[in-house]
Amino acid sequence: MPFQTECQQAAESVLEMYIAALLAESHILVDPMSSSSSGSSDSSSDDSSGKSDSDLPTTSEVLLGILGTLYSWRYLVEREPIVKSGENMQLLLMEWKFSRPEIFRTYVWVTPDCFDVLISTLQDDSVFHNQSNLPQIPVAVQLAIALYHFGHYGNAISTKLVALWAGVGYGTVRFIMQRVMKAICSDCFCRSALYWLTLDEKEEAKRWVEENSCLAWRDGWLMVDGTLVPSYA
(Lines give C-alpha, C1' and ligand atoms only; values in the text may rest on other atoms or scores of the structure.)
Protein backbone atom coordinates (compact mmCIF):
# COMPACT_ATOMS: atom_id res chain seq x y z
CA MET A 1 0.00 0.00 0.00
CA PRO A 2 1.44 3.42 -0.96
CA PHE A 3 2.67 5.61 1.88
CA GLN A 4 0.24 8.34 2.93
CA THR A 5 0.87 11.40 5.06
CA GLU A 6 -1.44 12.31 7.92
CA CYS A 7 -2.84 15.10 5.77
CA GLN A 8 -3.68 12.66 2.95
CA GLN A 9 -5.32 10.26 5.39
CA ALA A 10 -7.44 13.08 6.85
CA ALA A 11 -8.42 14.22 3.35
CA GLU A 12 -9.56 10.71 2.44
CA SER A 13 -11.70 10.51 5.58
CA VAL A 14 -13.32 13.89 4.86
CA LEU A 15 -13.89 12.83 1.25
CA GLU A 16 -15.82 9.76 2.42
CA MET A 17 -17.90 11.95 4.73
CA TYR A 18 -18.53 14.38 1.85
CA ILE A 19 -19.78 11.60 -0.43
CA ALA A 20 -22.04 10.27 2.33
CA ALA A 21 -23.46 13.78 2.90
CA LEU A 22 -24.11 14.22 -0.82
CA LEU A 23 -26.01 10.94 -0.93
CA ALA A 24 -28.10 11.91 2.10
CA GLU A 25 -28.90 15.34 0.66
CA SER A 26 -29.81 13.89 -2.73
CA HIS A 27 -32.19 11.49 -0.97
CA ILE A 28 -33.91 14.44 0.69
CA LEU A 29 -34.26 16.21 -2.67
CA VAL A 30 -35.75 13.11 -4.27
CA ASP A 31 -38.08 12.37 -1.33
CA PRO A 32 -38.77 15.68 0.48
CA MET A 33 -41.76 14.21 2.38
CA SER A 34 -39.38 12.10 4.51
CA SER A 35 -38.03 15.26 6.10
CA SER A 36 -41.28 17.23 6.23
CA SER A 37 -42.08 16.21 9.80
CA SER A 38 -38.79 17.48 11.14
CA GLY A 39 -39.04 20.56 8.96
CA SER A 40 -42.51 21.49 10.28
CA SER A 41 -41.42 21.14 13.91
CA ASP A 42 -38.61 23.60 13.37
CA SER A 43 -40.63 26.08 11.31
CA SER A 44 -41.60 28.24 14.26
CA SER A 45 -38.02 28.67 15.41
CA ASP A 46 -36.93 29.50 11.85
CA ASP A 47 -39.65 32.13 11.54
CA SER A 48 -38.72 33.70 14.85
CA SER A 49 -35.06 33.97 13.96
CA GLY A 50 -35.79 35.33 10.51
CA LYS A 51 -33.48 32.80 8.83
CA SER A 52 -34.29 29.85 6.62
CA ASP A 53 -32.39 26.64 5.95
CA SER A 54 -31.49 27.92 2.50
CA ASP A 55 -29.35 30.65 4.07
CA LEU A 56 -27.13 28.10 5.84
CA PRO A 57 -24.49 25.99 4.08
CA THR A 58 -25.31 22.34 3.68
CA THR A 59 -23.22 19.65 5.32
CA SER A 60 -21.67 18.74 1.98
CA GLU A 61 -20.69 22.35 1.35
CA VAL A 62 -19.00 22.58 4.74
CA LEU A 63 -17.14 19.33 4.13
CA LEU A 64 -16.16 20.47 0.65
CA GLY A 65 -14.59 23.59 2.13
CA ILE A 66 -12.66 21.49 4.66
CA LEU A 67 -11.54 19.15 1.88
CA GLY A 68 -10.24 22.06 -0.19
CA THR A 69 -8.27 23.34 2.79
CA LEU A 70 -6.72 19.92 3.41
CA TYR A 71 -5.75 19.57 -0.25
CA SER A 72 -4.02 22.96 -0.09
CA TRP A 73 -1.91 21.86 2.89
CA ARG A 74 1.03 19.51 2.68
CA TYR A 75 1.14 18.84 6.42
CA LEU A 76 -1.47 19.08 9.16
CA VAL A 77 0.92 20.88 11.50
CA GLU A 78 3.67 23.36 10.79
CA ARG A 79 7.01 21.73 10.08
CA GLU A 80 10.27 23.08 11.46
CA PRO A 81 13.49 22.59 9.49
CA ILE A 82 16.02 20.09 10.82
CA VAL A 83 19.61 21.23 10.75
CA LYS A 84 21.59 18.78 8.60
CA SER A 85 24.99 18.85 6.96
CA GLY A 86 26.50 17.28 3.88
CA GLU A 87 29.97 17.17 5.43
CA ASN A 88 29.87 13.38 5.87
CA MET A 89 29.20 12.90 2.17
CA GLN A 90 31.92 15.39 1.23
CA LEU A 91 34.43 13.54 3.39
CA LEU A 92 33.41 10.20 1.94
CA LEU A 93 33.46 11.11 -1.75
CA MET A 94 36.08 13.87 -1.87
CA GLU A 95 38.57 12.82 0.80
CA TRP A 96 38.35 9.23 2.06
CA LYS A 97 37.67 7.78 -1.38
CA PHE A 98 41.15 8.89 -2.49
CA SER A 99 43.23 9.10 0.69
CA ARG A 100 41.68 6.41 2.90
CA PRO A 101 40.04 3.74 0.71
CA GLU A 102 39.76 1.37 3.70
CA ILE A 103 37.50 3.89 5.47
CA PHE A 104 35.56 4.49 2.25
CA ARG A 105 34.90 0.76 1.99
CA THR A 106 33.54 0.52 5.55
CA TYR A 107 30.77 2.93 4.56
CA VAL A 108 29.77 1.71 1.08
CA TRP A 109 31.23 -1.82 1.12
CA VAL A 110 32.91 -1.54 -2.27
CA THR A 111 36.34 -0.33 -3.33
CA PRO A 112 36.72 3.12 -4.92
CA ASP A 113 37.42 1.48 -8.29
CA CYS A 114 34.26 -0.64 -8.05
CA PHE A 115 32.30 2.46 -7.04
CA ASP A 116 33.51 4.33 -10.15
CA VAL A 117 32.57 1.41 -12.39
CA LEU A 118 29.07 1.37 -10.89
CA ILE A 119 28.74 5.11 -11.47
CA SER A 120 29.81 4.84 -15.11
CA THR A 121 27.32 2.00 -15.66
CA LEU A 122 24.35 3.59 -13.88
CA GLN A 123 24.69 7.30 -14.59
CA ASP A 124 23.09 7.20 -18.04
CA ASP A 125 19.95 5.45 -16.82
CA SER A 126 16.85 7.55 -17.48
CA VAL A 127 15.76 7.25 -13.84
CA PHE A 128 18.51 9.71 -12.89
CA HIS A 129 17.40 12.31 -15.43
CA ASN A 130 14.25 14.41 -15.52
CA GLN A 131 12.82 17.42 -17.31
CA SER A 132 12.59 19.53 -14.15
CA ASN A 133 14.41 22.81 -13.67
CA LEU A 134 15.68 21.39 -10.38
CA PRO A 135 18.34 18.77 -11.14
CA GLN A 136 18.60 15.59 -9.13
CA ILE A 137 21.26 14.94 -6.52
CA PRO A 138 24.47 13.75 -8.26
CA VAL A 139 24.42 10.05 -9.08
CA ALA A 140 27.56 9.47 -7.00
CA VAL A 141 25.79 10.79 -3.89
CA GLN A 142 22.67 8.74 -4.60
CA LEU A 143 24.71 5.57 -5.08
CA ALA A 144 26.71 6.21 -1.90
CA ILE A 145 23.50 6.62 0.11
CA ALA A 146 22.04 3.43 -1.39
CA LEU A 147 25.21 1.40 -0.75
CA TYR A 148 25.41 2.72 2.81
CA HIS A 149 21.79 1.62 3.29
CA PHE A 150 22.48 -1.82 1.77
CA GLY A 151 25.61 -2.38 3.84
CA HIS A 152 24.16 -1.77 7.29
CA TYR A 153 21.46 -3.37 9.39
CA GLY A 154 19.37 -2.78 12.48
CA ASN A 155 18.81 0.77 13.65
CA ALA A 156 21.62 2.04 11.41
CA ILE A 157 19.48 1.65 8.28
CA SER A 158 16.45 3.56 9.51
CA THR A 159 15.41 6.25 7.07
CA LYS A 160 15.91 8.92 9.72
CA LEU A 161 19.51 7.95 10.56
CA VAL A 162 20.52 7.51 6.91
CA ALA A 163 19.05 10.92 6.06
CA LEU A 164 20.79 12.62 8.97
CA TRP A 165 24.10 10.97 8.09
CA ALA A 166 23.86 11.96 4.42
CA GLY A 167 22.42 15.43 5.05
CA VAL A 168 19.26 14.90 2.99
CA GLY A 169 15.53 14.75 3.70
CA TYR A 170 13.79 11.67 5.03
CA GLY A 171 11.69 11.30 1.88
CA THR A 172 14.74 11.82 -0.30
CA VAL A 173 16.27 8.61 1.03
CA ARG A 174 13.21 6.64 -0.05
CA PHE A 175 13.27 8.19 -3.55
CA ILE A 176 17.00 7.51 -3.91
CA MET A 177 16.58 3.85 -2.95
CA GLN A 178 13.79 3.47 -5.50
CA ARG A 179 15.84 5.07 -8.27
CA VAL A 180 18.98 3.03 -7.59
CA MET A 181 17.07 -0.25 -7.36
CA LYS A 182 15.21 0.51 -10.58
CA ALA A 183 18.50 1.23 -12.35
CA ILE A 184 20.15 -1.92 -10.94
CA CYS A 185 17.21 -4.08 -12.03
CA SER A 186 17.16 -2.65 -15.55
CA ASP A 187 17.98 -4.93 -18.48
CA CYS A 188 20.86 -2.68 -19.52
CA PHE A 189 22.62 -2.98 -16.16
CA CYS A 190 21.98 -6.72 -15.90
CA ARG A 191 23.48 -7.33 -19.34
CA SER A 192 26.56 -5.23 -18.60
CA ALA A 193 27.20 -6.18 -14.96
CA LEU A 194 25.93 -9.72 -14.45
CA TYR A 195 27.69 -12.72 -15.92
CA TRP A 196 25.57 -15.79 -16.58
CA LEU A 197 27.26 -19.17 -16.81
CA THR A 198 27.50 -21.00 -20.09
CA LEU A 199 26.12 -24.53 -20.44
CA ASP A 200 29.61 -25.98 -20.15
CA GLU A 201 30.32 -23.99 -16.98
CA LYS A 202 27.01 -25.10 -15.46
CA GLU A 203 27.82 -28.72 -16.23
CA GLU A 204 31.27 -28.37 -14.66
CA ALA A 205 29.72 -26.89 -11.51
CA LYS A 206 27.20 -29.74 -11.33
CA ARG A 207 29.96 -32.28 -11.72
CA TRP A 208 31.91 -30.70 -8.87
CA VAL A 209 28.83 -30.72 -6.60
CA GLU A 210 28.22 -34.41 -7.34
CA GLU A 211 31.82 -35.31 -6.60
CA ASN A 212 31.89 -33.38 -3.32
CA SER A 213 28.39 -34.22 -2.06
CA CYS A 214 25.99 -36.66 -3.66
CA LEU A 215 24.07 -37.29 -6.87
CA ALA A 216 20.82 -35.93 -5.40
CA TRP A 217 22.38 -32.49 -5.00
CA ARG A 218 23.94 -32.44 -8.46
CA ASP A 219 21.45 -29.92 -9.90
CA GLY A 220 21.74 -27.56 -6.95
CA TRP A 221 20.57 -27.28 -3.39
CA LEU A 222 19.48 -24.00 -1.74
CA MET A 223 22.10 -21.76 -3.35
CA VAL A 224 24.62 -21.35 -6.12
CA ASP A 225 26.88 -18.55 -4.92
CA GLY A 226 30.05 -20.32 -3.86
CA THR A 227 28.91 -20.89 -0.32
CA LEU A 228 29.83 -24.25 1.13
CA VAL A 229 27.37 -25.87 3.54
CA PRO A 230 29.17 -28.17 6.01
CA SER A 231 27.42 -31.53 6.30
CA TYR A 232 27.70 -33.76 9.36
CA ALA A 233 26.86 -37.41 9.75
Side-chain angles (χ1 to χ4, degrees), residues 1-3 88-89 91-129 136-166 168 170-233:
M1 184 176 182
F3 173 80
N88 289 331
M89 193 60 62
L91 276 174
L92 182 69
L93 297 180
M94 305 305 295
E95 178 64 30
W96 292 338
K97 180 184 175 187
F98 304 100
S99 63
R100 300 302 299 267
E102 74 281 2
I103 296 179
F104 178 84
R105 188 170 183 175
T106 60
Y107 279 91
V108 297
W109 293 93
V110 295
T111 63
D113 290 339
C114 181
F115 186 84
D116 289 338
V117 171
L118 286 173
I119 290 295
S120 63
T121 307
L122 294 173
Q123 63 184 355
D124 293 330
D125 194 286
S126 60
V127 75
F128 296 115
H129 304 276
Q136 288 189 23
I137 296 174
V139 179
V141 175
Q142 296 193 53
L143 180 61
I145 292 174
L147 292 176
Y148 178 86
H149 209 318
F150 293 151
H152 293 76
Y153 60 91
N155 293 335
I157 64 167
S158 69
T159 300
K160 178 181 295 185
L161 289 185
V162 173
L164 293 176
W165 169 79
V168 298
Y170 299 162
T172 303
V173 174
R174 185 172 66 253
F175 290 138
I176 286 175
M177 297 302 297
Q178 291 173 350
R179 293 190 195 114
V180 172
M181 284 304 303
K182 185 175 181 180
I184 290 176
C185 294
S186 66
D187 291 338
C188 179
F189 181 83
C190 290
R191 287 195 300 268
S192 61
L194 299 180
Y195 174 76
W196 301 105
L197 296 178
T198 64
L199 293 178
D200 291 339
E201 289 171 330
K202 289 180 180 179
E203 182 60 30
E204 179 62 28
K206 292 180 180 181
R207 186 182 305 111
W208 184 91
V209 171
E210 180 180 352
E211 293 174 353
N212 289 271
S213 58
C214 62
L215 178 61
W217 288 359
R218 186 180 192 277
D219 292 329
W221 181 75
L222 293 185
M223 64 195 71
V224 183
D225 63 353
T227 302
L228 294 179
V229 181
S231 298
Y232 297 93

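What you are looking at is a predicted structure, and each value in this text was computed from that prediction instead of being measured. The figures that follow rest on heavy atoms only: side chains count, while hydrogens, waters and symmetry mates do not. When a residue number appears, it is its place in the shown sequence, counting from 1.
Tyr148 OH to Thr106 OG1: the interatomic distance, rounded to the nearest 0.5 Å, is 9.5 Å. Note that the CG atom of Leu93 and the OH atom of Tyr107 stand 12.0 Å from one another [nearest 0.5 Å]. Taking NZ of Lys206 as the reference point, atom CD of Glu211 lies at 14.5 Å (rounded to 0.5 Å). In this structure, the separation between CZ on Arg100 and CZ on Arg105 is 15.0 Å, given to the nearest 0.5 Å. With rounding to the nearest 0.5 Å, the separation of OG in Ser158 from CH2 in Trp165 is 13.0 Å. To the nearest 0.5 angstrom, Glu210 atom CD is 5.0 Å from Leu215 atom CG.
Note: Phe104 and Phe115 have perpendicular aromatic rings, judged against thresholds of 30 and 60 degrees for the angle between ring planes. Note: Trp109 and His152 have perpendicular aromatic rings, judged against thresholds of 30 and 60 degrees for the angle between ring planes.
When every heavy atom of Thr121 is checked against every heavy atom of Ser192, the shortest pair comes out as CG2-OG, 3.4 Å. The shortest non-hydrogen separation linking Leu118 to Leu147 is CD1-CD1, 4.4 Å. Scanning both residues, Val127 and Asp125, for their nearest heavy atoms gives N-OD1, 2.9 Å.
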Sequence neighbours left out, cut at 3.5 Å: what donor-acceptor pairs do the side chains of residues 173-188 make with other protein atoms?
{"residue": "Arg179", "atom": "NH1", "partner": "Gln142", "partner atom": "OE1", "Å": "3.1"}
{"residue": "Ser186", "atom": "OG", "partner": "Ala183", "partner atom": "O", "Å": "2.7"}
{"residue": "Ser186", "atom": "OG", "partner": "Phe189", "partner atom": "N", "Å": "3.4"}

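Side-chain contact between Lys97 and Asp116: present, with at least one pair of heavy atoms (C-beta onward) separated by less than 4.5 Å. With a 4.5 Å cut-off on side-chain heavy atoms, Met89 and Leu92 count as touching.
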